[in-house]
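Data block below; observations after.
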Amino acid sequence: MESDFERRLIRSMSGCSSVSSSPFSSPISSPSPIKHSDRFIPLRSLSQPSAFYIDQEQIHKGPMSDKKASRESSSNTNTGTNSSTTTGTTIAADRAKDMLTYQALLQNEMFGTHIDCLYDEQHLQNAYSNGNSNHHNTTGTTNQTGNNDTNNNVGTTTTTTTTVVGQGLGSQIHTTAISAINGILTPSPGFLSQSCQQHLPYTNSNSNLLRTRDPNTIFRYCARRNRDDLHYSPYSLSPLSPASIRLLRSPRKQLRKIPKTPFKVLDAPELQDDFYLNLVDWSSTNILAVGLNASVYLWNANTSNVTRLCDLQTESDTVTSVAWSDRGQYVAVGTHKGIVQIWDVATNRKTVSFPRHTARVGALAWNDLCIYSGSRDRFILQNDTRSNKQERKLAGHRQEVCGLKWSPDRQLLASGGNDNRLLVWNQSCSNPIQVYTDHTAAVKAIAWSPHQQGLLASGGGTADRHIRFWNTLTAQNLQSIDTGSQVCNLAWSKHTNELVSTHGYSQHQIVVWKYPSMLQLARLTGHTFRVLYLAVSPDGESIVTGAGDETLRFWNVFTKCRANKESDSVLNLFNKIR
């Protein structure tokens, strides 16, 4: 064996720039009676296979380049030149992704892991921010439960972290977290052991690609190929597996960036910290209604003008719920004494009042000109604002009704209560047509999907913490996900198949989810109390959240409405001149 080749081999195996720092001994100079050959045999584990790729360019540069790079980065930070730092970070991230792609190919060919997609840093942080917040390389979280809850103190390291997702060796989705430090990839064992316990979605459309392989067959000369795989042909001369071919052909699509900070913060003094109330609503005319103690205030999002709609101080009453009508002309106000008042915004006058509940009204829902109110007296009342009479009385809950939402077609009404039950009603029957009892805590968060008919999402309280999805057409539970904290509100995006959830004990966060994969697109923090109130803007792009910290925060979380493209087909007669 040549001495130069031996030196290069030792350097490539150890990742060091000098022979003396290598932990491996030369097969010639080693005093051990056991002789080593120069053939590379990959190290592997039965449960956690790993393949390392060492950047040869970094090895040739030597350790002095790392010190020089660190000095340059520190000088740039002290002088405030953020442009060069940002550029260097982007280049490092791109280089890390390239090396991760190569490492994924190695794992596919040597261990049969079927890795066919890569997720970037934002995706990783969002996907594991809830379940793996204790990882020593990513975030550190401090939570305090109680009335004096504070927001999470999250500190992230400067290491570029990327995860590779694919099928592992034990019929579970196998994930590997790698930190790219100075061009050398090193795994994170602690993170790997935690991430293997979570079920992450994969991009394989063919279930046969996810067959488990024996870990002892990495040196099998005749590997079995899936004949039904569309990306692999039996006549192909490529030595790569179908998963590696899919990995190379897949586009590296970047996730959209969601701002982590609110674009506007408003003070809301005396905004109550009560889970069972609904004190914030956004109208179709872009006016925000907020119930503060005994008054209801209107904030015009176009002009930023604030007006007071009503004051119940003279009646010794307080506001417990507000809701806009569909056209934004009337505001329904529920009070602590069980009264539902209808106010005309144009004239600032009360048009009608319904004192028919015996306890506070915490939930309101409009259907045309009929107002549905849910109260602590366990009943849901339907009142017609035109005739000032009670239409129906719905009795199905055993405790306080804290959530009411109509389906987009206005045919089904979903109600949630403190009895941990979710009920579905129609307009022709006084009894619920569907009863769901899977939640183990109060159900306040309710949202109907505007994209799929009959799809209903609900969230449970502190003892439940789950977001559950129901198919009301077949009365089936589609899926559920543990959020790790109290679910206070849910809202769907009007333009994309995404939804946002707000949470209470003990993380006080706002999470944007991608349905049906339920991947976290963003995790927003800022409130120091439970995020009890949520409303979506009429354009569907922004949301407003309210909490017991007496602030209203506005966030840009959803995408803009995309215009429908005209078809260029000759069969489309609407874009032709006739």
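It should be emphasised that the depicted structure is a prediction, and the values quoted were computed from it without experimental measurement.
- Atom CZ of Arg392 has more than 12 neighbouring heavy atoms from other residues, nucleotides or ligands inside a 6.0 Å radius.
- Between the side chain of Ser375 and the backbone N or O of Phe379, no donor-acceptor pair lies under 3.5 Å.
- With hydrogens and angles left out, the side-chain atoms of Thr545 and Trp555 include a donor and acceptor closer than 3.5 Å.
- The pair Arg465-Asp482 meets the salt-bridge criterion, since a charged nitrogen lies less than 4.0 angstrom from a carboxylate oxygen.
- With hydrogens and angles left out, the side-chain atoms of Gln382 and Tyr372 include a donor and acceptor closer than 3.5 Å.
- With Tyr276 as the aromatic partner, Lys444 does not meet the cation-pi criteria of under 6.0 angstrom to the ring centre and within 45 degrees of the ring axis.
- In the model, Asp464 has no side-chain atom that pairs as donor or acceptor with a side-chain atom of Asn420 under 3.5 Å.
- Using cut-offs of 30° and 60° on the angle between ring planes, the pair Phe263 and Phe554 is tilted.
- Remark: side-chain polar atoms of Gln434 are paired, donor with acceptor, to backbone N or O of Thr472 under 3.5 angstrom.
- Neither side chain, His508 nor Thr525, offers a donor N or O lying under 3.5 Å from an acceptor on the other.
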Verdict with reasoning, Tyr533 to Leu552, per side-chain contact (heavy atoms from CB on, under 4.5 Å) | CA-CA 9 Å; Tyr533 311 110; Leu552 296 174; 6.0 Å; no

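- Remark: side-chain polar atoms of Asp549 are paired, donor with acceptor, to backbone N or O of Thr528 under 3.5 angstrom.
- Remark: side-chain polar atoms of Lys494 are paired, donor with acceptor, to backbone N or O of Pro538 under 3.5 angstrom.
- In the displayed structure, Gln453 atom CD is contacted under 6.0 Å by at most 12 heavy atoms of other residues, nucleotides or ligands.
- Using a cutoff of 4.0 Å between basic side-chain nitrogens and carboxylate oxygens, Lys350 and Asp344 are not scored as salt-bridged.
- For the residue pair Asn302 / Asn286, a side-chain donor-acceptor distance below 3.5 Å is found, with atom types taken as modelled.
- In this structure a side-chain-to-backbone donor-acceptor pair under 3.5 Å is present from His495 to Asp539.
- Listed by first and then second residue, the side chain to side chain donor-acceptor pair (under 3.5 Å) pairs that reach into residues 395-405 are Arg360-Glu400, His397-Ser415, His397-Asp419, Gln399-Asn418, sequence neighbours excluded.
- With hydrogens and angles ignored, the 3.5 Å screen pairs a side-chain donor or acceptor of Asn426 with a backbone N or O of Cys429.
- The main-chain N or O of Ile287 is found under 3.5 Å from a side-chain atom of Ser283 such that the two form a donor-acceptor pair.
- Within the 3.5 Å criterion, the main-chain N or O of Thr358 finds a donor-acceptor partner in the side chain of Asp377.
- Note on ring orientation: taking the six-membered ring where Trp is involved, the planes of Tyr330 and Trp366 are parallel (angle under 30°, cut-offs 30° and 60°).
- Checked by atom type, the side-chain pair Gln507/Arg523 shows a donor-acceptor distance below 3.5 Å.
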Give the C-alpha distance, both sets of side-chain angles, the deciding distance and a yes or no for side-chain contact (heavy atoms from CB on, under 4.5 Å) between Gln479 and Arg468.
-> CA-CA 6 Å; Gln479 63 173 318; Arg468 305 181 188 273; over 6 Å; no

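- A donor-acceptor contact closer than 3.5 angstrom is absent between the side chains of Asn278 and Ser321.
- The side chain to side chain donor-acceptor pair (under 3.5 Å) test applied to Ser501 returns His503, Trp513, not counting sequence neighbours.
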